[in-house]
**Q** 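Encoded as structure tokens, here's the structure I'll be asking about.
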Amino acid sequence: MTTTIEAAAGSGPSSPPPLPSPPRPRGAIWRRLRKDKAAAAGMVIITVMVLVAVFAPVLTALEGQNTTSLHPELVDSATGGTPLGSLGGISASHWLGVEPQTGRDLFARLVYGARISLGVAIGATALQVLFGLSVGIAAGLGGRATDAVLSRLTDLSLAFPSVLFAIGLMAIVPASIPRPLILAVVIALVGWGSTARLARGQALSLRTRDYVAAAKLSGAPPLRVARREILPGLVTPILTYAALLVPTNMVSEAGLSFLGVGVRPPTPSWGQMLSGGTTWFRPDVMYVLVPGGALFLTLLAFTLLADGVRRVLDPRNTEVAA
């Protein structure tokens with residue numbers, strides 16, 4: 001659409017060629033992002049969650065607990081393992097209470113679960129962007145046959161039942177391979193198609209620009225054209241889309257763990273905790289609210305940040321705060 005508008009603007013005999021908009025300084029973009037209240041709130045929440053995941057050993061050491069120690073004395077065996085005390089057994093020794101049946105510390109499992117949920121989501125997003133960009137740019141800059149083959153491959157990826165495929169892959173993976181790593185790879189394998197389609201559409205639009213044609217006429221090889229001319233134009237849409245992929249992948253990890261094919265106990269995960277919490281919603285509501293609230297807050301933060309990045313990097317938004 002942008003190319004069509006530019007062509008129409010320059011088609012008249014008295015119309016000067018459109019001038020390229022000056023690039024925005026990174027400092028100005030950062031200032032605008034900080035002044036966006038919603039995006040700033042999202043960045044603060046994400047920063048807190050990342051710090052919690054990074055310093056999980058320090059936080060659990062301060063509490064004096066870990067993720068694997070069992071505390072059967074803190075649960076009521078007569079009721080099937082309901083935590084003793086109010087709000088799931090919250091106390092000075094267990095800041096968020098304990099897990100039903102096992103008595104494992106809920107705070108320790110929450111902060112270590114942040115490592116799994118965030119790590120899997122960010123790792124899967126990085127793989128999706130890398131593979132999707134490669135396929136999309138190759139399809140957009142390649143010949144007709146290359147574009148047709150890669151486009152059909154992308155369509156097949158989008159049409160494939162991703163949940164069933166992910167469950168099947170996770171079910172046959174050997175237990176010796178780390179589950180978080182396999183989760184990230186599987187989520188990326190079933191979700192790269194949308195990134196590739198976005199990259200292809202942008203590459204097809206950018207390949208008609210004058211500076212790309214000039215680079216080709218100067219004899220630049222295709223890889224250099226893709227890296228120096230096409231890739232910078234993909235930064236804005238891909239960066240915005242990647243910020244939305246992270247919460248989507250967090251939900252995917254939580255869903256697979258909820259279905260029992262993700263991270264396995266005793267390794268903690270927010271999705272795994274939610275899976276166990278479904279049967280304890282009435283006697284121990286904290287076991288559902290704690291991981292569910294953390295997951296909801298993190299998803300909301302990434303969504304707010306993605307929307308803020310889209311507004312700041314929107315080429316139609318020409319005002320830059322001083």
**Q** Begin with the C-alpha distance, continue with both residues' side-chain angles, and end with the deciding distance and a verdict on side-chain contact (heavy atoms from CB on, under 4.5 Å) for V309 and T236.
**A** CA-CA 8 Å; V309 170; T236 297; over 6 Å; no

**Q** To the nearest 0.5 Å, what is the distance between CG (L289) and CG (L274)?
**A**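 Between atom CG of L289 and atom CG of L274 there are 10.0 Å.
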
**Q** Flag yes if M250 and V288 sit in one hydrophobic cluster, no otherwise; membership is Ile, Leu, Val, Met, Phe, Trp, Tyr, and two members link when side-chain heavy atoms are under 4.5 Å apart.
**A**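 Yes; V288 is reachable from M250 via cluster members.
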
**Q** For a 4.5 angstrom cut-off between non-hydrogen side-chain atoms, does S269 reach E253?
**A**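 A side-chain contact under 4.5 Å exists here.
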
**Q** Once rounded to the nearest 0.5 Å, what's the spacing between atom CG of L244 and atom CG of L239?
**A**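 So the gap between those two atoms works out to 10.5 Å.
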
**Q** Under the side chain to side chain donor-acceptor pair (under 3.5 Å) rule, collect the residues that match up with D155, sequence neighbours excluded.
**A**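 Side chain to side chain donor-acceptor pair (under 3.5 Å) check on D155 returns R152, R197.
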
**Q** How many angstroms lie between OG1 in T67 and CG in L106, if you round to the nearest 0.5 Å?
**A**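 One finds 12.0 Å between OG1 of T67 and CG of L106.
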
**Q** Do any pairs count as a ring pair (Phe, Tyr, Trp, His ring centres under 6.0 Å) and have a residue in residues 36-93, sequence neighbours left out, and if so which ones?
**A**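 Checked against ring pair (Phe, Tyr, Trp, His ring centres under 6.0 Å) - neighbours excluded - the pairs reaching residues 36-93 are H71-H94.
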
**Q** Please check if V135 and V149 belong to a single hydrophobic cluster, counting links between Ile, Leu, Val, Met, Phe, Trp and Tyr side chain heavy atoms closer than 4.5 Å.
**A**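 No, no single cluster joins them.
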
**Q** Examine distances only and state if a side-chain atom of T208 and a backbone atom of S205 form a donor-acceptor pair shorter than 3.5 Å.
**A**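 Yes; judged by distance alone, with no hydrogens or angles, the pair exists.
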
**Q** Do the side chains of V98 and L74 get nearer than 4.5 Å, heavy atoms only?
**A**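 Yes, their side chains come closer than 4.5 Å.
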
**Q** If you take all heavy atoms of A139 and L150, which pair is closest and at what distance?
**A**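 It is N-CD1, 3.6 Å.
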
**Q** Side chain to side chain donor-acceptor pair (under 3.5 Å) with T125: which residues, sequence neighbours excluded?
**A**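 If we apply the side chain to side chain donor-acceptor pair (under 3.5 Å) test to T125, skipping adjacent residues, the hits are N249.
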
**Q** Is there a side-chain hydrogen bond (donor to acceptor under 3.5 Å, both in side chains) between E229 and Y211 once you walk through the steps?
**A** CA-CA 7 Å; E229 313 299 339; Y211 59 85; over 6 Å; no

**Q** Side chains of V52 and R115: closer than 4.5 Å at any heavy-atom pair?
**A**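 Counting from C-beta outward, V52 and R115 never come under 4.5 Å.
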
**Q** Between T298 and I46, is there a side-chain heavy-atom distance shorter than 4.5 Å?
**A**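 Side-chain contact under 4.5 Å: no.
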
**Q** Compare every heavy atom of L299 with every heavy atom of P247, then report the nearest pair and how far apart it is.
**A**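 Here P247 and L299 meet closest at O-CD2, 3.2 Å.
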
**Q** To the nearest 0.5 Å, how far apart are CD1 in I230 and CZ in R209?
**A**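 I230 CD1 to R209 CZ: 9.0 Å, rounded to 0.5 Å.
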
**Q** Among the clusters formed by ILVMFWY side chains lying less than 4.5 Å apart, do V285 and L110 turn up in the same one?
**A**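 Looking at the clustering, L110 is in the same group as V285.
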
**Q** Do F131 and W192 make the cut of ring centroids closer than 6.0 angstrom?
**A**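 Yes, ring centres under 6.0 Å apart.
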
**Q** Assess the residue pair V261 and L169 against the criterion (side-chain contact (heavy atoms from CB on, under 4.5 Å)); give the C-alpha distance rounded to whole Å, side-chain angles, the decisive distance to 0.1 Å, and a yes or no.
**A** CA-CA 9 Å; V261 295; L169 282 179; over 6 Å; no

**Q** Is there a side-chain contact (heavy atoms from CB on, under 4.5 Å) between I90 and L87? Walk through the geometry before answering.
**A** CA-CA 6 Å; I90 290 179; L87 296 177; 3.7 Å; yes

**Q** Can you tell me if Q272 uses its side chain to pair, donor with acceptor, with the backbone of V263 under 3.5 Å?
**A**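 Answer holds: yes.
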
**Q** Are side-chain heavy atoms of Q101 and W280 found at a separation under 4.5 Å?
**A**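 Yes, close enough: below the 4.5 Å cut-off.
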
**Q** Looking at S218 and A215, would you say the former's side chain and the latter's main chain have a donor-acceptor pair under 3.5 Å?
**A**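 Looks like yes, one N/O pair under 3.5 Å.
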
**Q** List for me each residue that meets side chain to side chain donor-acceptor pair (under 3.5 Å) alongside S194, sequence neighbours excluded, and say none if there are none.
**A**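 Once residues adjacent in sequence are excluded, the partners of S194 under the side chain to side chain donor-acceptor pair (under 3.5 Å) criterion are Y241.
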
**Q** Which atom pair, heavy atoms only, marks the closest approach of L133 to A199?
**A**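 Of all heavy-atom pairs spanning L133 and A199, the closest is CD2-CB, 3.9 Å.
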
**Q** Are L295 and V251 connected, step by step, through hydrophobic side chains (Ile, Leu, Val, Met, Phe, Trp, Tyr) whose heavy atoms are closer than 4.5 Å?
**A**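 In one cluster: yes.
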
**Q** Could you walk me through whether E63 and T60 pass the side-chain hydrogen bond (donor to acceptor under 3.5 Å, both in side chains) check?
**A** CA-CA 5 Å; E63 189 196 23; T60 53; over 6 Å; no

**Q** May I ask you to test the I182-M170 pair for a side-chain heavy-atom distance under 4.5 Å?
**A**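 Yes - at least one pair of side-chain heavy atoms lies under 4.5 Å apart.
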
**Q** Compare every heavy atom of P268 with every heavy atom of Y112, then report the nearest pair and how far apart it is.
**A**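 Heavy atoms of Y112 and P268 come nearest at CB-CG, 3.6 Å.
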
**Q** Main chain of T248, side chain of S252: is a donor-acceptor contact present, judged purely on distance under 3.5 Å?
**A**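 Yes: the side chain of S252 pairs with the backbone of T248.
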
**Q** Please confirm whether the backbone N or O of D76 pairs with a side-chain atom of T79, one donor and one acceptor, at under 3.5 Å?
**A**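 Checked: pair present.
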
**Q** Is there a path of hydrophobic side-chain contacts, each under 4.5 Å between heavy atoms of I, L, V, M, F, W or Y residues, that connects F258 with F296?
**A**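 Per the 4.5 Å side-chain linkage, F258 and F296 are not co-clustered.
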
**Q** Working to the nearest 0.5 angstrom, can you tell me the gap between I187 CD1 and L245 CG?
**A**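 Nearest 0.5 Å value for the CD1-CG distance: 11.0 Å.
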
**Q** Between T267 and R179, does the side-chain hydrogen bond (donor to acceptor under 3.5 Å, both in side chains) criterion hold? Intermediate values first, please.
**A** CA-CA 9 Å; T267 304; R179 303 292 289 185; over 6 Å; no

**Q** Taking C-beta and beyond as the side chain, do R200 and D147 meet within less than 4.5 Å on heavy atoms?
**A**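 Yes, side chains in contact.
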
**Q** Check R109 with D105, please: is the shortest side-chain N to carboxylate O separation under 4.0 Å?
**A**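 Judged by the 4.0 Å cut-off on N to carboxylate O distance, D105 and R109 do not form a salt bridge.
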
**Q** Determine, stepwise, if the pair V185 / L189 fulfils side-chain contact (heavy atoms from CB on, under 4.5 Å).
**A** CA-CA 6 Å; V185 173; L189 284 177; 4.1 Å; yes

**Q** Which heavy atom of L141 sits nearest a heavy atom of A226, and at what distance?
**A**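 Nearest pair, atom of L141 first, then A226: CD1-CB, 3.7 Å.
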
**Q** Can you name the residues that form a side chain to side chain donor-acceptor pair (under 3.5 Å) with S275, not counting sequence neighbours?
**A**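 Side chain to side chain donor-acceptor pair (under 3.5 Å) check on S275 returns nothing, list empty.
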
**Q** Would you give the length of the straight line joining atom OG of S151 to atom CZ of R144, rounded to the nearest 0.5 angstrom?
**A**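 It comes to 12.5 Å.
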
**Q** Restricting to pairs with a member in residues 151-177, which pass ring pair (Phe, Tyr, Trp, His ring centres under 6.0 Å), not counting sequence neighbours?
**A**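 Pairs touching residues 151-177 that pass the test: F160-F165.
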
**Q** Mark yes when over 12 heavy atoms from residues, nucleotides or ligands other than I177 sit less than 6.0 Å from its CD1; otherwise mark no.
**A**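 Atom CD1 in I177 is crowded, with more than 12 foreign heavy atoms closer than 6.0 Å.
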
**Q** Considering only heavy atoms from C-beta outward, does the side chain of L304 approach that of D36 to under 4.5 Å?
**A**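 The answer is no; the side chains never approach within 4.5 Å.
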
**Q** Between P237 and L198, what is the shortest heavy-atom contact and its length?
**A**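 In this case the closest contact between P237 and L198 is O-CD2, 4.0 Å.
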
